[in-house]
Number of protein chains: 2
Amino acid sequence: MLMDPHLLTTFVTVARHGSFSAAAAELGYTQSAISQQIAALEADLGLALLRRRPVEPTPAGRRLLEHAGPLLLRLRAARADVLRTAAEPSHLLRVAATPLAVNPVVAARLAAARAAQPRLEVRLRTCRAERLAALVAEGRAELGLAGGIAAPSDPLRLPESGPMSTAGVSEEDLVVVLEPGHPLAGRARLRLADLIDARWLDTPLCPLTRLRDLVGDGFPVGLEYEGDDVHTVLTLAAAGHGLTLLPASAVPAGGGPVCAVPVAAPRLVHRVELLHAALPPGPATALAAALAG
Amino acid sequence: MLMDPHLLTTFVTVARHGSFSAAAAELGYTQSAISQQIAALEADLGLALLRRRPVEPTPAGRRLLEHAGPLLLRLRAARADVLRTAAEPSHLLRVAATPLAVNPVVAARLAAARAAQPRLEVRLRTCRAERLAALVAEGRAELGLAGGIAAPSDPLRLPESGPMSTAGVSEEDLVVVLEPGHPLAGRARLRLADLIDARWLDTPLCPLTRLRDLVGDGFPVGLEYEGDDVHTVLTLAAAGHGLTLLPASAVPAGGGPVCAVPVAAPRLVHRVELLHAALPPGPATALAAALAG
DNA sequence: CACCGACGATAAGCGATGCTGATGGACCCG
DNA sequence: CGGGTCCATCAGCATCGCTTATCGTCGGTG
């Protein structure tokens with residue numbers, strides 16, 4: 001018997017909520033149905049996936065959760081891809097981007113492309129990096145612009161979601177954002193290794209886990225910010241809640257309320273990548289080429 | 001509505017057979033059920049996937065076929081992986097290998113590992129490269145040994161099938177296998193570029209598509225051999241049906257019935273990789289480490 | 001040219017599946 | 001100790017998906 005994706009979605013929903021009833025509400029079933037679905041899945045596999053009261057995954061359940069997400073994403077991606085082959089080409093191009101991905105380079109290229117193709121309608125939206133690949137894979141956006149911190153010319157690590165092309169778009173130097181009164185605020189350049197014990201903001205724009213991956217352990221959390229608003233991050237940094245790393249172009253000229261100091265070592269950049277599934281020939285392909293430069 | 005894997009398997013079976021009735025026979029359904037399943041899938045997606053009489057995929061259907069295989073494999077792989085977390089560790093280790101993967105280096109390491117772990121039972125089977133990843137992913141073998149032609153220290157291109165580790169095991173120089181009377185048989189070394197217009201055997205042990213990928217177009221087919229028996233390939237080469245490339249150790253010392261000439265350029269090797277899913281700690285892990293060297 | 005056989009589509013019938021709503025038992029909190 | 005919350009279970013019932021039977025169509029053949 002094959003694992004039914006239906007049951008799999010139910011399982012991940014239950015695990016996410018830590019509750020059968022809440023999952024039932026979200027999925028539009030009764031609690032009884034959820035209970036039966038989980039029971040069916042456990043019976044099929046012959047082992048317990050969830051411990052009840054409190055509801056939390058067993059080791060096997062945790063394993064299944066790791067598989068279920070990508071699996072369901074691929075399923076939706078496959079569906080979207082097949083439907084795309086039949087869709088008539090549209091003049092509307094939906095572009096999804098992480099907040100920092102729309103930098104001056106990208107904006108300029110986009111403007112040039114639109115000037116060259118006046119009939120092209122572009123709809124831009126921002127979203128978190130985690131959701132971007134899914135958005136593009138599922139066909140809810142034709143183009144994705146992912147921004148992230150990486151070593152120069154290293155690709156970003158995006159969640160895999162089937163056959164999807166990626167191309168580098170731009171790389172921009174990073175600056176450390178400091179409060180004006182900070183002892184290091186006057187420096188011309190800074191080494192990250194010297195800041196490993198300073199307090200840092202943990203934000204989606206510059207996640208500390210990524211920094212630790214790239215540079216090494218350390219980077220204690222000063223304040224965690226869950227939003228993606230650059231202005232808020234700058235304000236928090238200005239108030240001394242912690243340091244953060246941003247692409248130079250994201251900090252107002254002169255620094256505004258903060259001090260921006262280039263990073264000397266290690267060499268890190270804010271890299272932007274373009275991702276898209278198979279595009280219909282026409283304006284979409286042209287725009288993709290224009291953005292990739 | 002999510003695409004049901006059940007329907008997807010039916011679809012790929014029908015496409016493979018080019019027949020509803022044959023698929024019904026294979027899957028143990030009636031022809032009517034198959035017809036309804038395909039109709040359901042087409043209704044769900046809102047487009048035709050198969051043209052009837054003769055039965056062959058439409059463009060959208062071909063697209064779906066490309067997705068369906070990997071998708072179903074991942075589904076089975078996920079199931080196998082979850083079940084593995086609950087299985088008690090066994091002393092039986094199933095190893096699947098492509099024919100040339102079990103070379104002297106691998107055999108020796110295997111012998112050493114077994115000497116170190118007398119309680120370890122090993123069952124070895126050979127299979128084609130295409131099936132190997134699936135076999136390991138689905139848990140029908142704990143370890144896989146894939147052999148193939150690659151540039152030195154380049155990884156083999158194996159079908160992706162979810163979270164699976166791969167490690168290089170060995171690389172061995174290749175020889176061109178020629179019939180004894182061949183004009184080039186006396187040479188000390190040969191350049192592949194000089195053999196691009198010669199007749200070649202097309203065999204799973206040395207697929208011409210791979211050679212064309214690595215070296216360039218050309219390599220006309222002298223004879224296609226569908227089996228993986230090395231002895232047969234040598235016999236065919238000796239009879240002048242075409243050239244082929246084999247790892248040096250696969251040709252009997254002195255050449256036997258054929259002439260073996262090392263390849264001077266481009267540098268290509270027969271590379272063996274070990275692949276395995278998450279292994280239980282114990283003999284399996286030890287053997288994997290021993291094989292990886 | 002007409003027939004026959006193979007194949008896929010369709011209709012009707014029916015059993016299995018999977019939902020809802022009701023109820024029961026375990027646990028938590030006051 | 002009682003009420004509330006949460007998941008499991010049961011009975012009832014609608015729906016889904018299979019089988020059997022039949023039809024339409026295409027293609028090969030006498």
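In what follows, every chain begins at residue 1, and chains take the letters A, B, ... in the order their sequences are listed. Keep in mind the model is a prediction, meaning the values are calculated, not measured.
- With C:dC19, D:dC7, D:dC10 as the candidates, the nucleotide lying closest to the side chain of A:S32 is D:dC10.
- Residues A:L211 and A:C206 share a closest heavy-atom pair of CD1-SG, 3.9 Å.
- Distance A:Q31 CD to C:dC19 P: 13 Å, rounded to the nearest Å.
- Judged by distance alone, the side chain of B:T85 and the main-chain N or O of B:D81 form no donor-acceptor pair under 3.5 Å.
- Side-chain atoms of B:E273 come within 3.5 Å of backbone N or O of B:L156 as a donor-acceptor pair.
- Here the rule is side chain to side chain donor-acceptor pair (under 3.5 Å) with B:E142, and of B:H276, B:R123, B:R94 only B:R94 fits it.
- You'll find that the side chain of B:A33 is closest to D:dT19, out of D:dT19, C:dG8, C:dT20.
- Proximity note for A:S21 (side chain, C-beta onward) versus C:dT20, D:dC18, D:dC7: the nearest is D:dC7.
- In this structure, B:F219 and B:W200 have perpendicular ring planes: the angle between them is above 60°, well past the 30° mark.
- Of all nucleotides listed (C:dT20, D:dT19, C:dG8), D:dT19 comes nearest to the side chain of B:Q36.
- Across the protein-nucleic acid pair, B:D4 atom CG and D:dC16 atom P stand 13 Å apart, rounded to whole Å.
- Nucleotide D:dC7 holds its P atom 10 Å from the CG atom of A:L50, rounded to whole Å.
- Regarding B:H17, its NE2 atom lies at a distance of 16 Å from the C1' atom of C:dG8, rounded to whole Å.
- Here the nucleotide nearest the side chain of B:S35, chosen from C:dG8, C:dA22, D:dC18, is C:dG8.
- Of the candidate nucleotides D:dC7, C:dG8, C:dC19, D:dC7 has the atom nearest to the side chain of A:F20.
- Taking atom CG on A:L49 and atom P on D:dC7, their separation rounds to 16 Å, with Å as the unit.
- The CD1 atom of A:I38 sits 14 Å away from the P atom of C:dG18 (whole-angstrom rounding).
- Between the NE2 atom of A:H6 and the C1' atom of C:dG18 there is a distance of 10 Å, given to the nearest Å.
- Checking D:dT19, C:dC19, D:dC7 against every side-chain atom of B:Y29, the shortest atom distance belongs to D:dT19.
- Distances were taken from every side-chain heavy atom of A:T30 (C-beta onward) to each of C:dT10, D:dC7, C:dT20; the shortest belongs to C:dT20.
- One interatomic measurement links the two molecules: CZ of B:R51 to C1' of D:dC26, which rounds to 17 Å at whole-angstrom precision.
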